[in-house]
Every structure is written in structure tokens, then in C-alpha cells.
Amino acid sequence: MKELEKTYDHSKVEQKIYQKWLDSGYFNPDMLPNAKDREPFTIALPPPNVTGVLHMGHAFEDTIQDVIIRYQRMRGRRALWLPGTDHAAIATQAKFEKELYKKEKKSRHDFSREEFFRMIQKFALSNQQGILSQLHKLGLSMDWSRLAFTLDKQREKAVRTAFKKMYEAGLIYRGKRMVNWDPKAQTTVSDDEIEYVEQKDLFYHFKYGPFDIATVRPETKFGDKYVVMHPKDKRYKKYKHGQKIELEWINGPITATIIKDEAADMEFGSGAMTITPAHSAIDFEIAQRHGLDIDRVIDDRGVLLPIAGEFAGIHIKKARLEIVEKLRKKGLVTKIEENYVHNVATNMRGGGIIEPQIKLQWFIDVNKKFTLKNSKISGIPAGEKTTLKDVMRKTVESGQIKIMPERFEKIYFHWIDNLRDWCISRQIVYGHRIPVWYRGDEIHCDINSPKGEGWLQDTDTLDTWFSSGLWTFSTLGWPDETADLKTYHPTSVMIPGYEILFFWVARMILMSGFLLGDIPFRQVVLHGMVRDKLGRKFSKSLDNGVDPLDMTAKYGTDALRMALIFGSGPGNDVAFDEQRVKGMKHFANKLWNISRYVMTNTENAPVGAGFSRPQYDDGRASAAPTTDADKNILDKLDSVIKSVTNNLENYRLHEAAQEIYQFTWHEFADVYIEASKNQLKDEKLFEQTLYTLHFTLLTILKLLHPFMPFVTEEIWSKLGQKDLLLIVEWPK
RNA sequence: GGACGCGUAGCUCAGUUGGUUAGAGCGUUCGAUUCACAUUCGAAAGGUCACAGGUUCGAAUCCUGUCGCGUCCACCA
């Protein structure tokens with residue numbers, strides 16, 4: 001028996017233990033003992049963005065997954081946890097461009113496309129290295145041999161194959177539509193990447209012929225030649241739909257047309273509004289309903305077009321005040337309200353304020369009918385017509401995919417109901433380039449460029465979520481029919497934050513449904529966000545960020561893991577409190593000293609590592625001399641095993657963790673170990689007591705291992721156990 | 001405007017289908033120390049489970065309403 005230090009020093013243990021695990025090869029499920037006989041269990045890691053470093057949210061998310069995968073491995077599953085990173089297209093390019101400008105005062109225009117792509121890819125891959133080393137330090141049991149990246153060769157093949165199949169099914173089309181244009185990043189963004197930010201502005205009222213119209217954006221008003229009011233608005237009864245009126249406007253007299261449309265809100269302002277169809281989704285719809293002209297006023301850079309007359313060529317930001325000034329001189333400004341609060345659409349991936357524009361873009365049609373040749377989706381038989389929306393809905397509705405907590409299912413359905421076609425093209429270079437080539441009027445979509453002269457590839461790249469949507473199967477080798485794909489797909493459980501339910505979870509269901517006719521995962525367990533102890537988001541401006549690696553250095557990885565799991569309900573946000581991590585470091589030390597006690601006492605015992613359980617194997621009642629304390633602790637142990645197992649099966653990790661903690665400290669240490677001190681002095685009770693101490697400790701180590709892998713593995717080896725605790729059978 | 005969540009000890013939070021004196025971590029107070037652990041042990045203080053009704057033999061838990069906080073969706077010219 002080896003001596004144990006008086007205190008547990010994580011810094012001496014963690015790296016050594018992690019190396020032991022790596023050397024064992026058991027992170028790769030195919031290397032597990034009797035791998036072929038094991039039932040597969042798969043988790044695909046939500047790939048962290050290569051934009052930066054890991055934060056506490058990652059530590060939380062990855063700990064949850066590690067607990068589950070370790071538990072399943074011990075339960076005898078062929079447990080695969082597949083790691084990877086996400087190229088995060090627009091976010092990464094935006095970040096790179098920012099740094100490039102800061103460091104070298106250069107922009108994307110200073111480089112060729114190919115050169116610029118290579119620079120960003122290099123930046124991304126160097127970030128990736130940092131992230132991978134952080135993942136190692138968190139003790140995560142991922143299968144590094146299968147590491148994937150959303151923008152590597154194999155994933156490119158998957159992306160192009162997926163695009164081609166959807167294109168051929170007519171689900172991907174190119175069309176001129178109103179999109180969210182970010183003039184700063186010079187690209188479109190999808191509806192889901194818009195974040196509305198409250199902002200205070202001046203609210204201008206103008207005299208528009210006989211009408212009072214209001215706006216915060218006078219610079220869009222040049223093209224306004226339609227005035228819209230509700231058909232039932234009594235104030236405007238005398239005006240007829242289609243009626244023309246002459247009036248004085250910014251650059252002289254114009255002819256305006258009266259439009260009666262129910263989109264006009266009678267309660268708001270004067271009830272009359274002018275519309276700018278080329279730069280507003282709502283206005284665009286109104287214009288389409290009535291067949292109105294759609295005149296572009298602002299270009300891609302936010303500069304006014306010739307329609308603005310003397311203001312043409314001026315940036316909208318600058319033009320606003322000048323326009324108001326001109327209107328004021330003409331006596332057309334009736335009122336200016338200050339501090340008008342309204343929402344502005346912004347690009348949440350580090351871009352600017354969204355300017356709706358009509359552009360030629362690529363879309364995924366979510367309502368178009370198609371036929372699934374092979375379908376494992378319940379509610380959609382093979383050969384039957386369906387839509388992508390239907391796939392997303394039916395898989396969850398039927399319970400084939402379960403979402404936990406359940407309340408998110410409602411939110412998910414609501415999102416599907418309001419879903420519009422997904423704009424997948426981006427005008428940036430960092431991403432998967434659209435696999436479509438043009439030559440004159442010819443168009444060619446394929447995995448590789450077409451043969452022959454004069455073909456030019458589409459310059460757009462794909463929305464990053466397009467490649468993320470393939471993640472569960474592109475990581476397993478799809479489109480090739482690999483053994484991995486057959487063995488490990490559909491994956492067992494997906495564990496993302498609730499904030500990417502739409503971006504990602506829904507898109508994976510869509511992609512897997514169409515391309516494989518199957519679900520990507522059986523279960524979704526959503527977790528909340530990690531906030532600071534006051535419940536605020538971690539943010540740069542508040543400077544309240546906590547680096548997970550600082551915590552692991554200070555208190556140990558086990559302590560951080562346990563602290564994150566301990567006080568968190570499913571789907572709820574977690575308030576991060578350093579004090580709790582400290583408390584869990586104490587717990588690790590407590591366990592360490594419990595082990596010291598058991599070891600020093602079993603040192604001279606006739607029983608060694610091969611402790612048997614003679615008294616309890618069958619017929620507990622008739623067993624050898626046993627005290628109430630023994631019965632009590634072993635009964636409780638049995639019930640803890642059952643309960644912890646049940647809670648882990650149902651992804652109630654926090655409850656499982658609390659039960660083990662409670663049992664270890666306040667039952668085993670506080671009660672039984674105290675009682676054992678007297679029992680060990682009694683010859684008749686000696687062996688029984690040793691047995692109970694030893695058996696209980698070993699079982700605790702097994703139960704606790706998924707949560708606190710390092711300290712448990714270390715003690716396990718000090719106890720002289722041969723196998724790694726990592727793959728020891730889960731207690732029953 | 002629509003939907004959802006939360007409000008439990010000083011602080012941060014658990015509390016699975018309603019069931020005995022409501023729990024944890026940290027903090028506070030008092031006491032203990034050669035015997036596994038001061039990163040410890042024992043004890044204590046501290047909660048009308050936001051509020052008001054209702055269902056029930058019984059409600060922190062279910063229902064209705066009120067107040068406060070938060071999130072998501074839609075978006076107003």
C-alpha cells in the first residue's frame with residue numbers, strides 16, 4: 001500500500017492521469033474491451049467556434065457531455081464522443097478583419113480572394129490549436145482520432161454533396177428577394193442572425209401633401225411615392241385607392257398614389273405612412289400586393305443613389321441631417337420628437353446595422369414538396385411527399401426526437417411555423433464556396449468544377465450553419481458509406497445551449513432528414529448559459545469574465561466540473577460562483593482523506609485489492625456479524641446507486657451529483673467512518689468493517705468518476721486496482 | 001404585441017409525477033484539535049417557499065389572478 005499525501009494536489013495528478021487515459025486508447029470506442037459486442041452510444045460535440053478561446057460556457061457544456069459519455073462507457077457502451085471545431089464563417093472573418101485593420105491598417109481589398117482565404121484559415125487553425133489544448137486540460141474524454149473541422153477536406157465533400165442533392169431536388173434555388181444586408185460586413189445574414197437592439201432616435205414628422213407622415217429615417221424617403229392607409233380609416237374616407245395626388249417633396253413636386261392596405265396601423269401616428277419597398281420587408285410585401293414600383297434608394301455601401309438627386313453619392317448617415325434641413329427650409333417638417341425608442345436590426349456576428357435590400361441570393365426552400373426515398377422518420381413513409389418544415393416538425397412531434405426540457409418543444413414549433421426560406425449565401429470569402437459554376441447562360445452544380453473553358457464559380461460562400469447542419473454525419477464520413485456512419489449514427493444525444501436551438505438543432509434535423517431520411521439524434525438536452533454570480537452575462541464590457549483554466553489551475557478540474565454541474569437545473573442558466581468551486585475542492589480533499597483512512601486501516605488486513613463480499617452476496621439477513629451501522633450504510637449505498645443511475649439515465653446530472661456528494665460526506669464519512677473506529681477494535685467486527693469500508697469506497701469512486709474523473713482515478717490506482725477506473729463496470 | 005421561464009435561508013441555487021419536522025454550497029455565531037482530513041469535526045441561528053384566492057385529507061409543488069425580474073419571437077412607419 002502506497003502512502004498518500006495529507007492533501008490532494010490536483011496539479012501533480014491531472015496531467016499524468018490524462019496522459020494515462022490517452023495512452024490507454026479508450027477514448028476511441030473501437031479500442032474498448034469487447035468493442036464489437038458493445039451497444040454504440042454517440043455524442044457529437046457542438047463544435048466550438050475557432051474565433052477565440054474557450055469560456056465558462058464551453059466548460060459547462062463539455063462537462064455535461066463528459067459526465068454522460070463516461071457514465072455510458074462504464075455502463076458498457078461503445079461510447080463515442082466526437083470532437084471538432086467550427087469555422088464560423090462570418091464571425092471568424094469579421095474578427096480577422098478587425099485585427100488585420102488594427103495591426104496593419106489593411107482590409108480585404110488589399111488581397112486576392114485566395115490569399116485572403118488562406119490568411120483567415122491560418123488564423124482559424126492557430127486558434128483551433130489553443131482550443132484543443134484547453135479541451136485536454138478540462139479532462140474531456142473525446143476521441144481525438146476522429147477530430148473534425150467544418151472547413152476541412154472531408155467536410156467540404158459533404159457540403160458540396162449536400163448542396164448538389166438539394167439543388168437537384170429543387171430545394172435550393174437562386175432568387176431575387178428581400179434579404180438582410182449588412183453594409184459594414186458587405187454580406188447578407190439570415191433572419192436568425194439578426195439581433196434587435198433598442199435605440200433612441202429623433203422621430204421626424206413631415207408634411208406629405210395633406211398627410212402627416214413620420215419616420216426616423218428621412219434618408220430613405222426619396223423613393224416614397226405611395227402613401228398607405230388602412231381601408232377602414234375614417235379620417236381618410238375621401239381618398240380612394242389608386243387616387244393620384246400632386247405634392248411638394250424633397251426634391252420638388254411629385255405625384256403620389258394612394259394605397260389602401262390593412263398593413264397600415266390606424267392606431268399609430270396619423271395612420272398614414274409612405275413606403276420604401278426596396279428597403280423594408282413590410283413595405284416590399286405591400287408593394288408586391290399592389291404591383292407597385294420598387295425603386296432602390298441606397299446602394300450596398302449605404303450610399304444614396306441618383307434617385308436622391310442632389311444627395312446622390314452621400315452616405316446615409318451624413319445625408320440624414322442635410323435632408324431634414326432641406327425639408328425644414330421648405331416648411332415640410334411639422335414636428336421632431338426626441339428620444340423616440342425603437343428597435344434597430346443588427347448583425348449579431350460582429351457586423352453593423354442591417355439595411356434590407358433586394359438581392360439575388362441562394363435560398364433553401366422550406367415549403368417545397370419532395371419525396372424521401374428511404375425514410376426512417378416516423379410519420380413520413382418512404383415515397384411520400386413532404387417538406388423540410390414537415391421533417392423538422394414530425395420528428396419532434398412524434399417523439400422520435402425528444403427535447404429536454406420539454407417546454408422548448410413549444411418554442412421550436414412556433415419557430416417552424418414562422419420560418420421563411422433560409423438565405424444560405426454570404427458575400428464573404430471565408431467559408432464553403434458555393435459549388436455552382438456559370439458560363440454565359442449555362443449553370444452547373446456539382447462536387448467538382450465542370451470540364452471545359454470559361455466556367456466561373458459563384459463567388460459567394462455558404463452560411464456557416466449549412467456545414468454545421470451536417471455535423472452529426474459529416475463527422476462520421478458521410479457521404480461515403482463508412483462503418484462509422486453505420487455504427488454511430490443516429491447519435492444518441494445532443495447537448496447544445498438553448499440559444500442555438502434554431503440555428504443549429506433545427507438545421508441538423510432538416511439536413512439529416514433530407515439527406516439520410518433519418519434523425520440526427522434521439523435526444524436533445526438543452527442547457528442554460530453560465531452567468532456571473534449576479535446573474536449577468538459574461539461580457540467584455542462588464543469585465544466579469546472568468547477563465548475556466550484559471551479555475552482549474554486554482555482549484556482543480558474536478559472541482560470546477562463538480563461546481564458547474566452541482567447547482568444547475570436542466571435548461572436553466574447557471575450563476576457561476578467561485579466560492580462553489582472552492583467548496584468542491586474541499587470535497588475532493590475530503591474524498592482523498594476518506595481514502596487515506598480506509599487505506600491505512602486496510603493495510604494489514606487479510607483482504608487486499610481482491611476484497612470479497614461474502615456476507616452480502618446472497619442473503620444479507622443471514623450474513624455474518626453485522627452492525628446496524630453496516631446495514632445502514634450498505635442499504636443506503638444500494639439506494640444511492642439506483643438513484644444516481646436513474647438520474648443519469650434521465651440527464652438529471654445535478655441531482656445525481658448532489659446525491660453522491662451527500663452520501664459520501666454526510667453518510668459515509670460523518671456516520672459510518674466514525675462508527676468504524678470502534679468497530680475495528682472489536683475482533684468479531686473487524687473483517688466485516690474493513691469490507692464495508694473498502695466496498696463502499698470503491699463504489700463511491702465508480703459513481704463519482706464521471707463527475708470528478710481525476711481524483712477518483714488517482715485514488716483508484718493508489719488502491720492497487722489494475723484496470724483504469726475509466727472503463728470499470730458501473731455498479732449495480 | 002405574442003409566447004415562455006423565474007421569484008425557496010444573508011448570497012448563489014436544488015427540490016422527478018402534490019405526502020412525515022423544506023435542503024445544499026458559501027457566509028454568520030458558539031464550541032472542539034495529538035487518534036483520515038482545520039481544505040476538519042460538533043452544535044446553533046436563519047425561510048408566513050413573492051402576494052391573494054381556489055382544488056385537496058394534505059400544496060413550495062396543481063388551478064386562477066396580482067406584483068416584480070428575465071428570456072425568446074414578431075416589430076410600428
Side-chain angles (χ1 to χ4, degrees), chain A residues 4-9 191-192 194-196 203-205 212-217 220-221 224 227-229 263-265 267-276 280-283 286 340-345 405 407-415 417-419 498-499 501-502 528-529 531-537 555-556 559 562-563 565-601 643 646-647 650-652 654-655 657-659 661-662 665-666 669-670 673-674 676-677 693:
Chain A
L4 281 193
E5 304 283 328
K6 247 184 159 182
T7 52
Y8 170 63
D9 183 355
D191 293 345
D192 295 296
I194 302 287
E195 190 172 29
Y196 288 91
F203 196 45
Y204 304 94
H205 290 258
D212 175 85
I213 62 156
T215 184
V216 288
R217 306 198 56 197
T220 65
K221 296 284 140 191
D224 292 14
V227 57
V228 182
M229 55 212 71
D265 183 356
E267 307 293 318
F268 190 89
S270 67
M273 64 176 177
T274 60
I275 57 170
T276 314
S280 151
I282 298 277
D283 293 2
I286 297 173
Y340 175 73
V341 179
H342 67 128
N343 288 327
V344 184
R407 65 188 146 93
F408 284 99
E409 291 190 359
K410 259 189 219 167
I411 301 175
Y412 176 79
F413 290 134
H414 182 255
W415 177 80
D417 291 341
N418 291 302
L419 186 62
Y498 58 69
E499 75 277 5
L501 179 61
F502 310 138
M529 291 191 344
R531 296 165 176 275
D532 73 2
K533 65 182 284 190
L534 299 175
R536 303 173 304 184
K537 280 189 184 181
Y555 303 107
M562 195 68 171
I565 298 290
F566 211 66
S568 67
N572 289 340
D573 291 348
V574 184
F576 182 81
D577 187 353
E578 187 170 335
Q579 287 307 311
R580 184 182 280 154
V581 188
K582 192 176 158 195
M584 290 304 153
K585 180 186 160 70
H586 295 177
F587 179 57
N589 194 58
K590 184 74 186 178
L591 183 69
W592 186 256
N593 277 295
I594 288 170
S595 308
R596 281 184 70 207
Y597 173 81
V598 174
M599 271 188 227
T600 45
N601 282 294
S643 177
N646 180 39
N647 279 325
N650 292 294
Y651 303 103
R652 291 192 293 259
H654 59 296
E655 289 192 51
Q658 289 183 27
E659 277 166 350
Y661 179 97
Q662 201 60 24
W665 201 316
H666 300 300
D670 289 353
I673 284 186
E674 288 311 314
S676 78
K677 287 174 184 173
L693 284 171

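Lettering of chains follows the sequences in order, A, B, ..., and the numbering in each one begins at 1. Quick caveat, the model's predicted, so the values are computed rather than measured.
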With distance as the sole criterion, do the side chain of A:Glu674 and the base of B:rA36 form a donor-acceptor contact below 3.5 Å? yes
Just by protein heavy atoms under 4.0 Å, how would nucleotides 68-77 of chain B read 5' to 3' in B, S and -? -----S-BBB
Applying side chain to side chain contact (heavy atoms under 4.5 Å, CB included) to A:Tyr597 and not counting sequence neighbours gives A:Asn601, A:Ile673, A:Ser676, A:Lys677, A:Leu680, A:Leu693
For A:Lys6, report the nucleic acid contact type (base, sugar-phosphate, nothing); a contact means any heavy atom under 4.0 Å. sugar-phosphate
Pairing residues for A:Arg217 by the side chain to side chain contact (heavy atoms under 4.5 Å, CB included) criterion, not counting sequence neighbours: A:Thr215, A:Glu219, A:Thr220, A:Ile298, A:Ile316, A:Arg320, A:Glu355
note: A:Glu5, atom CD; B:rC37, atom P; distance rounded to Å ~ 13 Å
Sort out the partner of B:rC41 for me: Watson-Crick or G-U wobble, both distances under 3.5 Å, none otherwise. B:rG31
For A:Asn646 and A:Arg652, what are the C-alpha separation, side-chain angles and deciding distance, and is it a side-chain contact (heavy atoms from CB on, under 4.5 Å)? CA-CA 9 Å; A:Asn646 180 39; A:Arg652 291 192 293 259; 3.8 Å; yes
Between A:Trp665 and A:Phe587, which heavy-atom pair has the shortest distance, and what is it? CE3-CD1, 3.5 Å
N/O contacts under 3.5 Å, protein versus nucleotides 45-47 of chain B?
none

Across all strands, who's sitting opposite B:rA77 as a Watson-Crick or G-U wobble pair, both distances under 3.5 Å? none
To the nearest angstrom, the CD-C1' distance between A:Glu659 and B:rU16 comes to 11 Å
Pairwise C1' distance for B:rC63 and B:rC73, with rounding to whole Å: 27 Å
Rounded interatomic separation in angstrom, taking CG from A:Leu501 and C1' from B:rC4: 13 Å
Counting the atoms with a prime plus P, OP1 and OP2 as sugar-phosphate, which does A:His205 contact under 4.0 Å by heavy atoms, base, sugar-phosphate, or nothing? nothing
Check the angle between the aromatic planes of A:Tyr340 and A:Phe203 and answer parallel, tilted or perpendicular using the 30° and 60° thresholds. parallel
Shortest non-hydrogen pair, A:Met584 vs A:Met562, comes out as SD-CG, 3.4 Å
Figure out the CG/P separation between A:Asn647 and B:rU17, and round it to whole Å. 12 Å
B:rA24: pairing nucleotide in any strand, Watson-Crick or G-U under 3.5 angstrom: B:rU12
Distance-only, no hydrogens or angles: does the A:Ser270 side chain make a donor-acceptor pair with backbone N or O of A:Asp212 under 3.5 Å? yes
A:Phe408 near the nucleic acid: base, sugar-phosphate alone, or nothing, with a heavy-atom cut-off under 4.0 Å? nothing
Distance, rounded to the nearest Å, where A:Lys677 contributes NZ and B:rU40 contributes P: 15 Å
Which heavy atom in A:Ala264 sits nearest to a heavy atom in A:Gly271, and how many Å separate them? CB-O, 4.1 Å
With rounding to the closest Å, how many angstrom separate the P atoms on B:rG1 and B:rA14? 30 Å
Would you mind reporting whether A:Met273 and A:Asp265 have side-chain heavy atoms less than 4.5 Å apart? no
Please name the nucleotide paired to B:rU55 by Watson-Crick or G-U wobble geometry with both distances under 3.5 Å, or report none. none
How far apart are the C-alpha atoms of A:Leu501 and A:Trp415, what are their side-chain angles, what is the distance that settles it, and do they pass the side-chain contact (heavy atoms from CB on, under 4.5 Å) test? CA-CA 10 Å; A:Leu501 179 61; A:Trp415 177 80; over 6 Å; no
Within this structure, what is the CZ-to-C1' distance between A:Phe413 and B:rC4, rounded to whole angstrom? 15 Å
Determine the contact category for A:Asn646: base if any of its heavy atoms lies under 4.0 Å from a base atom, sugar-phosphate if only primed atoms, P, OP1 or OP2 are that close, otherwise nothing. nothing
Using whole Å, what does the distance between atom P of nucleotide B:rC37 and atom CG of A:Asn593 come to? 7 Å
The complete set of salt bridge (charged side-chain N to carboxylate O under 4.0 Å, His left out) pairs with one or both residues in residues 567-578 of chain A, sequence neighbours excluded, reads A:Arg531-A:Asp573, A:Lys554-A:Glu578
Side-chain-base donor-acceptor pair under 3.5 Å for A:Lys410 and B:rC4: no
Please find the pair of heavy atoms, one from A:Ile213 and one from A:Ala272, that lie closest to each other, and give the distance. CG2-O, 4.0 Å
Report the relative orientation of the aromatic rings in A:Tyr8 and A:Trp592; use parallel for angles under 30°, tilted for 30 to 60°, perpendicular for over 60°. tilted
Could you check how far CZ of A:Phe576 sits from C1' of B:rU12, rounded to whole Å? 12 Å
Nearest atoms (heavy-atom pairs only) where A:Asp283 meets A:Thr276: OD2-N, 2.7 Å
Residue whose closest nucleotide on RNA chain B lies nearer the 5' end, A:Asn572 versus A:Tyr597: A:Asn572
If pairing requires Watson-Crick or G-U wobble contacts with both distances under 3.5 Å, which nucleotide is the partner of B:rC6? B:rG68
Pairs under 3.5 angstrom, nitrogen or oxygen only, protein versus nucleotides 26-29 of chain B, please.
none

A:His666 side chain N/O closer than 4.0 Å to the phosphate oxygens (OP1, OP2) of B:rG25? yes
Using the C1' atom in both, what is the distance from B:rA9 to B:rA45, to the nearest Å? 10 Å
Applying the 3.5 Å cut-off to both distances, the Watson-Crick or G-U partner of B:rU61 turns out to be none
Among the nucleotides B:rA36, B:rA14, B:rU39, whichever has the atom closest to the side chain of A:Lys585 is B:rU39
